[in-house]
Amino acid sequence: GVRSRLVPFRGDEIMLIAYDTAAVQQGRIDRGRSKDPAADRVRAAALQAGKVDISANLARIRGLKQGDRLTLDTPQGPRSFEIESVQTDYTWFRGSVFMDLAVYRSLWNDTSLSYLDIRVRPGAPSRAEGRDGGMMLLQ
């Protein structure tokens with residue numbers, strides 16, 4: 001699951017994207033899409049510990065780099081985050097911040113999701129019964 005939302009940042013709005021970093025990194029490793037599995041695990045652990053990644057356009061627009069800190073207003077007050085890495089991403093033209101979903105939930109007290117990314121193993125059934133007895137078609 002992923003939670004995305006616009007948040008204020010230095011008089012503007014940026015996109016905050018929170019996701020289960022360990023699951024995403026493990027999925028990349030399992031599918032052979034990771035160039036360095038050990039580094040991917042270290043990065044996931046850093047985000048789980050409260051660091052963030054930022055998009056390259058946010059870094060360029062705001063003069064930020066790896067190791068810098070940025071402050072976001074959370075419902076619990078301003079919170080400073082260390083930047084773990086800068087990623088190529090074009091989700092939002094003003095820039096994006098990526099954090100672990102559990103960290104986001106603890107700071108924003110928000111358990112909602114914006115969307116789900118469901119992956120089905122090749123050969124697995126593409127129909128499943130939902131909790132309410134309805135059928136889901138996975139494409």
Side-chain angles (χ1 to χ4, degrees):
V2 176
R3 179 65 169 120
S4 63
R5 65 185 297 168
L6 294 175
V7 296
F9 182 67
R10 297 183 184 174
D12 208 346
E13 286 186 322
I14 59 173
M15 180 71 67
L16 174 62
I17 301 171
Y19 63 98
D20 183 339
T21 54
V24 169
Q25 295 303 340
Q26 190 59 50
R28 287 175 40 79
I29 292 166
D30 292 348
R31 289 189 310 278
R33 301 225 172 150
S34 172
K35 295 178 182 174
D36 187 346
D40 283 347
R41 287 187 186 97
V42 167
R43 190 170 141 257
L47 270 60
Q48 289 171 316
K51 293 184 180 182
V52 297
D53 289 338
I54 64 171
S55 63
N57 61 338
L58 180 61
R60 183 181 43 77
I61 292 167
R62 298 298 181 164
L64 297 167
K65 63 186 180 311
Q66 182 179 8
D68 286 351
R69 298 191 75 81
L70 62 83
T71 300
L72 298 177
D73 291 328
T74 76
Q76 297 180 19
R79 172 73 189 265
S80 177
F81 299 91
E82 182 179 341
I83 298 170
E84 172 66 13
S85 68
V86 176
Q87 306 291 321
T88 301
D89 180 84
Y90 302 106
T91 303
W92 183 246
F93 70 104
R94 300 224 185 261
S96 301
V97 173
F98 305 91
M99 71 173 43
D100 187 75
L101 186 58
V103 172
Y104 168 80
R105 286 179 168 169
S106 71
L107 294 171
W108 271 265
N109 194 27
D110 178 5
T111 60
S112 64
L113 295 174
S114 300
Y115 60 90
L116 293 171
D117 185 8
I118 300 173
R119 298 193 184 260
V120 180
R121 294 184 198 275
S126 61
R127 295 176 65 91
E129 187 173 319
R131 280 189 248 168
D132 62 358
M135 295 299 288
M136 299 183 301
L137 178 61
L138 305 176
Q139 297 180 349

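Everything quoted here is computed from the prediction, not taken from an experiment.
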Under 3.5 Å: donor-acceptor pair, side chain of [X], backbone of [Y]:
{"X": "Arg62", "Y": "Leu58", "answer": "no"}
{"X": "Asn57", "Y": "Trp92", "answer": "yes"}
{"X": "Glu13", "Y": "Val7", "answer": "no"}
{"X": "Asp53", "Y": "Phe98", "answer": "no"}
{"X": "Glu82", "Y": "Ala46", "answer": "no"}

Nearest heavy-atom neighbours spanning [X] and [Y]:
{"X": "Arg105", "Y": "Ser112", "value": "NH2-O, 4.4 Å"}
{"X": "Val86", "Y": "Gln66", "value": "CG2-N, 4.1 Å"}
{"X": "Thr71", "Y": "Pro78", "value": "CG2-CB, 3.8 Å"}
{"X": "Gly1", "Y": "Leu101", "value": "O-CD2, 3.9 Å"}
{"X": "Pro75", "Y": "Leu107", "value": "CD-O, 3.3 Å"}
{"X": "Gly95", "Y": "Ser55", "value": "CA-OG, 3.3 Å"}

From CA spacing to verdict: side chain to side chain contact (heavy atoms under 4.5 Å, CB included), Leu6, Arg94: CA-CA 10 Å; Leu6 294 175; Arg94 300 224 185 261; over 6 Å; no
Between [X] and [Y], is there shared hydrophobic-cluster membership here, with clusters defined by ILVMFWY side-chain heavy atoms closer than 4.5 Å?
{"X": "Val2", "Y": "Met99", "result": "no"}
{"X": "Val52", "Y": "Ile14", "result": "yes"}
{"X": "Leu16", "Y": "Leu64", "result": "yes"}
{"X": "Phe9", "Y": "Met15", "result": "no"}
{"X": "Val103", "Y": "Leu70", "result": "yes"}

To the nearest 0.5 Å, how far apart are [atom1] in [X] and [atom2] in [Y]?
{"X": "Gln25", "Y": "Leu47", "atom1": "CD", "atom2": "CG", "answer": "8.5 Å"}
{"X": "Asp20", "Y": "Gln26", "atom1": "CG", "atom2": "CD", "answer": "11.0 Å"}
{"X": "Gln76", "Y": "Trp108", "atom1": "CD", "atom2": "CH2", "answer": "9.5 Å"}

Whether over 12 other heavy atoms sit under 6.0 Å from Asn109 CG: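 Open: at most 12 neighbouring heavy atoms sit under 6.0 Å from CG of Asn109.
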Arg33 atom CZ: more than 12 heavy-atom contacts under 6.0 Å: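 For Arg33, atom CZ is not crowded (no more than 12 foreign heavy atoms under 6.0 Å).
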Criterion side chain to side chain contact (heavy atoms under 4.5 Å, CB included) on Ile54 and Phe81, from CA distance to verdict: CA-CA 11 Å; Ile54 64 171; Phe81 299 91; over 6 Å; no
Side chains of Ser114 and Arg5, donor plus acceptor under 3.5 Å: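 On atom types as modelled, these side chains do not qualify, holding no pair under 3.5 Å.
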